[in-house]
Amino acid sequence: MTVAVEFQSVSRHFGPVKAVDSVDLTIAEGAFFAMLGPSGSGKTTCLRLISGFEQPTGGSIRIFGEDVSRTPPHLRNVNTVFQDYALFPHMNVRDNVAYGLMVKGMAKAARHARAEEMLALVKLDRYGDRKPGQLSGGQRQRVALARALVNEPRVLLLDEPLGALDLKLREAMQDELKALQQRLGITFVFVTHDQHEALSMADSLAVFNEGRIAQIGTPAEVYDRPATRFVADFVGSSNVLPPEMTRALGGPAQWASLRPENTRLAETGPVTGTVTALRYLGSGTRVILRAGETEIAALVPAGQPLPEPGATSAFAFAPDALHVMGGA
Amino acid sequence: MSRPAILPARGFADRLTGLFWRRPRLLLGLMLTPPLLWLGVVYLGSLAALLLQSFYSIDEFSGMVVPEFTLKTYAELLRPANYDVIFRTLLMSAAVTLGCAVLAFPIAYYAARFARGRWKAVFYLGVMLPLWSSYLVKVYAWKLILAKEGIITWAAEATHTSGILNAVLALPVIGGNSLSTSYIGMFLVFTYVWLPYMILPMQAALERVPTSMLEASQDLGATRAQTFRTVILPLALPGVIAGSIFTFSLTMGDYIIPQIVGNSANFIGMAVYQLQGTAGNIPLAAAFAVVPILIMLVYLTLAKRAGAFDAL
């Protein structure tokens with residue numbers, strides 16, 4: 001396995017704020033890697049450390065084995081799709097896409113031909129003469145993608161690439177980005193705060209919390225076996241159970257997570273709770289039980305009878321659904 | 001008791017607000033009428049009167065204005081003495097505009113990109129403060145600074161750099177007996193007094209360029225110089241043009257600074273002042289006054305054609 005990006009105890013402190021705190025990370029070549037976390041968790045700073053817009057205050061960053069800690073952004077063979085796309089408003093779409101080739105000194109005819117190829121790749125041929133202001137959000141995003149890919153970067157960085165699009169477009173773009181990445185074989189690193197996006201697109205992901213990586217793994221690993229309470233809570237709104245509750249349910253006296261979709265309402269069980277809320281989800285209804293200080297969400301499939309708010313109910317789950325977490 | 005769906009009008013203000021809600025254009029009209037009247041009658045009216053006067057001529061024997069349409073007065077502008085005045089004014093305006101642009105850019109760039117909080121306040125204060133004091137006071141202060149016995153001569157002697165100062169003053173045309181009696185001195189004073197009018201629009205334009213756009217340029221491989229030429233400058237150009245309209249037209253119309261600083265060579269503003277005053281030649285004064293307007297129109301047309309307003 002070739003390593004595309006490697007962080008060795010990388011830190012980026014802004015005064016007293018530890019935006020990125022001693023992070024170790026390896027991203028394999030050809031991976032579709034997601035950095036997932038709430039805002040302020042350090043994921044965007046990590047992306048900017050790879051592109052070179054931030055310099056580490058400690059540690060070293062390698063891209064394909066070369067230490068880039070002292071390399072300015074314009075000399076890194078890495079390109080970025082910016083969150084606001086950052087298209088140049090005074091240039092037409094073709095010149096925007098050809099910009100990276102223009103600053104490298106490629107002749108006009110050659111770079112325009114190449115730009116048209118890239119526009120065809122993102123299905124925007126015939127749009128070359130338009131100005132960015134005349135395009136829709138989804139089209140601008142494709143232009144930004146084509147512009148970042150024109151230099152044939154070894155790593156493509158995407159900062160919340162789908163954040164500004166509406167839901168329908170976002171889902172279509174997810175599939176398209178994934179297909180594009182597989183076709184080009186370029187390493188994609190993308191930042192998102194949307195766990196659905198990270199789980200559905202990435203082949204591996206890092207969950208960030210307070211400047212550190214809480215867990216790295218495949219989407220299935222992170223979803224099924226969250227390493228910490230934070231991960232369990234952030235990825236897929238899991239039930240986070242305190243040690244005494246875990247013990248009452250037949251596990252060790254440790255924090256544990258239990259997915260709502262693995263939890264059913266039952267007549268009897270070791271723990272009972274009061275129904276406090278019902279959330280209709282279309283495919284089913286999420287029922288919130290309160291047992292002492294803990295809230296437990298259970299999924300009732302569509303068509304099955306629902307309890308009244310205020311009713312008392314127990315719950316059940318398959319024994320292997322209870323995931324005991326090591327850390328705090 | 002049931003609560004009403006419509007609250008009772010409390011008085012005139014409620015009814016007036018209701019009226020404006022039903023007729024949004026009424027409020028707009030009321031607000032715009034006074035300034036439009038002012039602009040339309042006082043400003044455009046006097047401009048029209050000026051234009052009209054410039055097509056009259058003066059009777060050479062009686063010195064009376066002959067209210068008949070003629071291009072004779074405009075032909076007079078092309079006499080060498082008058083043509084020189086126009087050409088000199090134009091060159092000085094261009095030089096001042098260029099000088100202001102070069103000086104203003106780093107300041108405006110710093111203020112737009114880096115200054116935050118307190119430093120932003122310091123910037124605005126620093127730029128605006130000179131505008132609070134009287135223009136005449138500033139010009140006379142500069143005359144003293146630039147005079148032969150002034151602080152610059154003194155500083156040059158103290159640092160043993162009088163040679164440089166003398167070499168500068170020995171330059172043909174723009175040099176002179178002292179800085180305060182040379183075109184260089186006049187250029188310095190003009191640049192000083194009009195600089196804020198260049199900095200502020202430039203800063204406003206630069207502030208509108210998102211940081212991510214500069215990062216995108218670097219990300220795609222551009223050097224700082226390339227980023228400046230292909231991204232910053234085109235996007236800041238409307239601001240630069242706006243600023244240059246101020247510095248250019250203010251210099252062209254000024255008649256005080258050329259009287260106080262410089263070698264008493266005539267400028268358009270001075271010519272207008274003298275012609276309408278002592279000489280009593282209103283038509284020629286009007287014709288002179290039309291020249292800066294025409295030059296500005298040509299300048300704006302060229303700027304538009306060069307794409308200066310594309311990023312607006």
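Naming convention: chains lettered A, B, ... in sequence-line order (proteins, then strands); numbering from 1 in each chain.
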Q: Answer with side chain, backbone, both or neither: which region of B:Ser217 has an atom nearer than 4.5 Å to a non-hydrogen atom of chain A?
A: both
Q: In terms of heavy-atom proximity below 4.5 Å to chain B, should A:Asn79 be classed as side chain, backbone, both, or neither?
A: both
Q: Select one option (side chain, backbone, both, neither) describing which atoms of A:Arg147 are under 4.5 Å from chain B's heavy atoms.
A: both
Q: Are the aromatic ring centres of A:Tyr99 and A:Phe88 under 6.0 angstrom apart?
A: yes
Q: Given that the side chain runs from C-beta out, which part of A:Val150 has a heavy atom under 4.5 Å from chain B: side chain, backbone, both or neither?
A: neither
Q: Return yes if some donor-acceptor pair links the side-chain N/O of A:Lys178 with the main-chain N/O of A:Met201 below 3.5 Å, else return no.
A: yes
Q: Tell me yes or no: between the side chains of A:Tyr85 and B:Ser212, is some donor less than 3.5 Å from an acceptor?
A: no
Q: Is it true that the NZ or CZ of B:Arg23 lies under 6.0 Å from the centre of B:Phe20's six-membered ring and within 45 degrees of the ring axis?
A: no
Q: Using non-hydrogen atoms and a 4.5 Å limit, figure out which bit of A:Leu87 sits close to chain B: side chain, backbone, both or neither.
A: backbone
Q: Tell me whether A:Glu176 is salt-bridged to A:Arg142, with the criterion being a basic N under 4.0 Å from an acidic carboxylate O.
A: yes
